[in-house]
There are 2 protein chains.
Amino acid sequence: MLNTVLKAGQVLDLFDKQNPEWGVSDVATELNIPKSSAHSLLASLAQIGLLRHGEGGRYRLGWKMLNFGQIVIDTTEFRVESRAVMEQLAAQYRETIHLAVLDDGVVVYADKLQGQQAVQVAVTGLGVRLSPHCSAVGKVLLSHQPWPWVREIMEKQGMPKFTDNTITDVDRFQEELLQVREQGFAYDLEEAVPDLCCVAAPIYDYDSEVVAALSMSIPAYRFERAKKEYRAAVIRACQKISRNLGYMEFISSYRKKAAGG
Amino acid sequence: MLNTVLKAGQVLDLFDKQNPEWGVSDVATELNIPKSSAHSLLASLAQIGLLRHGEGGRYRLGWKMLNFGQIVIDTTEFRVESRAVMEQLAAQYRETIHLAVLDDGVVVYADKLQGQQAVQVAVTGLGVRLSPHCSAVGKVLLSHQPWPWVREIMEKQGMPKFTDNTITDVDRFQEELLQVREQGFAYDLEEAVPDLCCVAAPIYDYDSEVVAALSMSIPAYRFERAKKEYRAAVIRACQKISRNLGYMEFISSYRKKAAGG
DNA sequence: CAGTTTGTTCAGCTATTCTGAACACTCATC
DNA sequence: GATGAGTGTTCAGAATAGCTGAACAAACTG
């Protein structure tokens, strides 16, 4: 480990929303290092663009940080980040895993792993579009959308009845979504296909936005026996992926508060 | 200057949208340094969160970059002050608005509003760096810098020709900047991208320094019809922001005289 | 205008980083 | 499976880069 880089990291970490500007002396006293050391650190960081020193000799985070931040956003895809975790899940439970996103009101499968053969990169079935009211991923994704919009979608697309368990009433669906959002996961209890159950959870990105949902599909008889374990596994997987996408729970709770709910 | 920090900067600069992932060997050959040196640099940068190394030992930019980028956004006064005015402009004209600053001789987008959806908090495209000789914001920002410095920058960066209208001659560019400074706004008449025109004006702070430039981008055919109106709108917006930042015109004119030009 | 603060420079001493070879590991290919 | 070329990682000694504290310049404050 390069000591100099580590110290540079400490310096950078001083800059936050509350204290966006630091002088040489401030840094020196804060980190308990000589003024001259603080100076060379700050000056060097400014030279490589991570800091800038504007008027008055005080230092601020540089514009290059914006650049790098943007590159992070533009080059990390949730599909790539999800893949490894999905493979782990598939290997452990040997059940089918789905990764889904919302596109114009319908659920689209962005990735899929069949449980039978351990690491089968199945392109089959990808991009399939289905109505969201009868799938676990659909519920998860819709539960994070504004209800009026969801209602409109439902009314436009209709809520066809596929099994006896399919939710076909809009008000009942709203209740379901509220609960899903609250508890952080959704079930599909034979609502789309008889004898097939699913459990899904949301995947958050760096901005605490739900960008996708991940689900595991299990035959009903097997699902009933270990519902809780499957649920926990899916939730854990989603948390892992979310973390890989830069999601941090404490930020999320902060933002929720700031947004007023 | 700390050599280690400078090298760390070189390493970081390798990461861009085209090459978001680097291995130890890649970095070593690219920078002509031993593998072990590359390794310790990468490992240290990962330790402080500026990089992360995922599966396969390859390195990517870390999530802390996003953090820092966000802090830059949230703590830059003129950005905060600009936001409301930009949203007004975007709502009224439904065209794309850019807020840009100068960083080490290149134009950096500090904020961006797409005209289509009224209040789209777009982080997309932020931090993009581009050469200033072919953009309206670039001309505005450079027109308030000392010419010898500008000339040096131009010679160092070159003035690549993107369209038939791109200014590629240094002397011609000096004339253009003088005019821009005199008249208080700049056009980009399809000089960077065909069929795309821009008009930009400067934003002054309390100290009568140009801290940023704001531009509106409009398709050429539409721009030609109402050039003057767009221009007036942008100038008005910039005056509004400048006033919010404590800028007062009469002080400015006084200072210009005192500075002898 | 003096006093106190700031950021910046410098040169010797010390410890840090650099280096290249050896190691562990993954992935194709034979 | 064994093999080879490709990774990333570790380590010790050699050499250089960074730490330091005092002295400097420059800005602000009374």
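Each chain gets a letter, A, B and so on, in the order its sequence line appears, and its residues count up from 1. The analysis underlying the following values was restricted to heavy atoms, covering all of them including side chains, and did not include hydrogens, waters or symmetry mates.
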Participant: Taking only the side-chain heavy atoms of B/S36 (C-beta and beyond), determine which of D/dC19, D/dG8, C/dA21 contains the nearest atom.
Facilitator: C/dA21
Participant: Please assess A/K35 against A/D26 for the test salt bridge (Lys or Arg N to Asp or Glu O under 4.0 Å), listing each intermediate value before the final yes or no.
Facilitator: CA-CA 9 Å; A/K35 263 203 316 184; A/D26 303 330; over 6 Å; no
Participant: Round to a whole Å and report the spacing from CG of B/L6 to P of C/dT16.
Facilitator: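 In whole Å, C/dT16 P and B/L6 CG are 20 Å from each other.
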Participant: Can you tell me if B/S37 touches the phosphate of C/dT19, counting only side-chain N or O atoms and a distance under 4.0 Å to OP1 or OP2?
Facilitator: yes
Participant: Has A/S217 got a side-chain atom pairing as donor or acceptor with A/C198's backbone, closer than 3.5 angstrom?
Facilitator: no
Participant: Expressed as a whole number of angstroms, how long is the span from B/E21:CD to D/dT7:C1'?
Facilitator: 13 Å
Participant: Evaluate salt bridge (Lys or Arg N to Asp or Glu O under 4.0 Å) for B/D103 paired with A/R52, printing each intermediate quantity in order.
Facilitator: CA-CA 9 Å; B/D103 182 33; A/R52 67 184 205 265; over 6 Å; no
Participant: When you measure from the side-chain N and O atoms of B/Y59 to the phosphate of D/dT7, is any distance below 4.0 Å, counting only OP1 and OP2?
Facilitator: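 The answer is no; no side-chain N or O of B/Y59 sits under 4.0 Å from OP1 or OP2.
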Participant: Can you tell me how far P of D/dT16 sits from CD1 of B/I33, to the nearest Å?
Facilitator: 17 Å
Participant: Taking atom types as they are modelled, would you say the side chain of A/T4 forms a donor-acceptor pair with the base of D/dG18 within the 3.5 Å cutoff?
Facilitator: no
Participant: Starting the side chain at C-beta, find the nucleotide from C/dG20, C/dT8, D/dC19 nearest to B/P34.
Facilitator: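 Within the option list, the nearest is C/dG20.
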Participant: Atom CZ of B/R58 to atom C1' of D/dT9: distance rounded to whole Å?
Facilitator: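 To the nearest whole Å, that distance equals 16 Å.
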Participant: Within the 4.0 Å heavy-atom criterion, would you say B/S25 contacts the bases, only the backbone, or no part of the nucleic acid?
Facilitator: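 Sugar-phosphate contact only.
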Participant: State whether B/E152 and B/K156 are salt-bridged, where the test is any N-O pair (Lys NZ or Arg NE/NH1/NH2 against Asp/Glu carboxylate O) under 4.0 Å.
Facilitator: no
Participant: Counting only side-chain N and O atoms of A/H39, is one of them less than 4.0 Å from OP1 or OP2 of C/dT8?
Facilitator: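 So the side chain of A/H39 is within the cut-off, an N or O lying under 4.0 Å from OP1 or OP2 of C/dT8.
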Participant: So, does B/Q157 use its side chain to make a donor-acceptor pair with the main chain of B/G105 at under 3.5 Å?
Facilitator: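 Between the backbone of B/G105 and the side chain of B/Q157 there is a qualifying donor-acceptor contact (under 3.5 Å).
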Participant: Distance check needed: D/dA26 P versus A/H53 NE2, whole Å only.
Facilitator: 15 Å
Participant: Mind calculating the distance between CG (B/L2) and P (D/dT20) to the nearest angstrom?
Facilitator: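 Going from B/L2 (CG) to D/dT20 (P), I get 12 Å.
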Participant: In this structure, how many angstroms lie between the P atom of C/dT8 and the CG atom of A/D26, rounded?
Facilitator: 13 Å
Participant: Atom NZ of A/K35 and atom C1' of D/dG18: how far apart are they, to the nearest Å?
Facilitator: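 That distance rounds to 19 Å.
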Participant: Checking contacts here: which listed nucleotide (C/dT17, C/dT6, D/dT9) is nearest the side-chain heavy atoms of B/V24?
Facilitator: D/dT9
Participant: Which nucleotide wins on minimum distance to the side chain of B/N3, given the candidates D/dG21, C/dC18, D/dA17?
Facilitator: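 Of all the options, the side chain of B/N3 is nearest to D/dA17.
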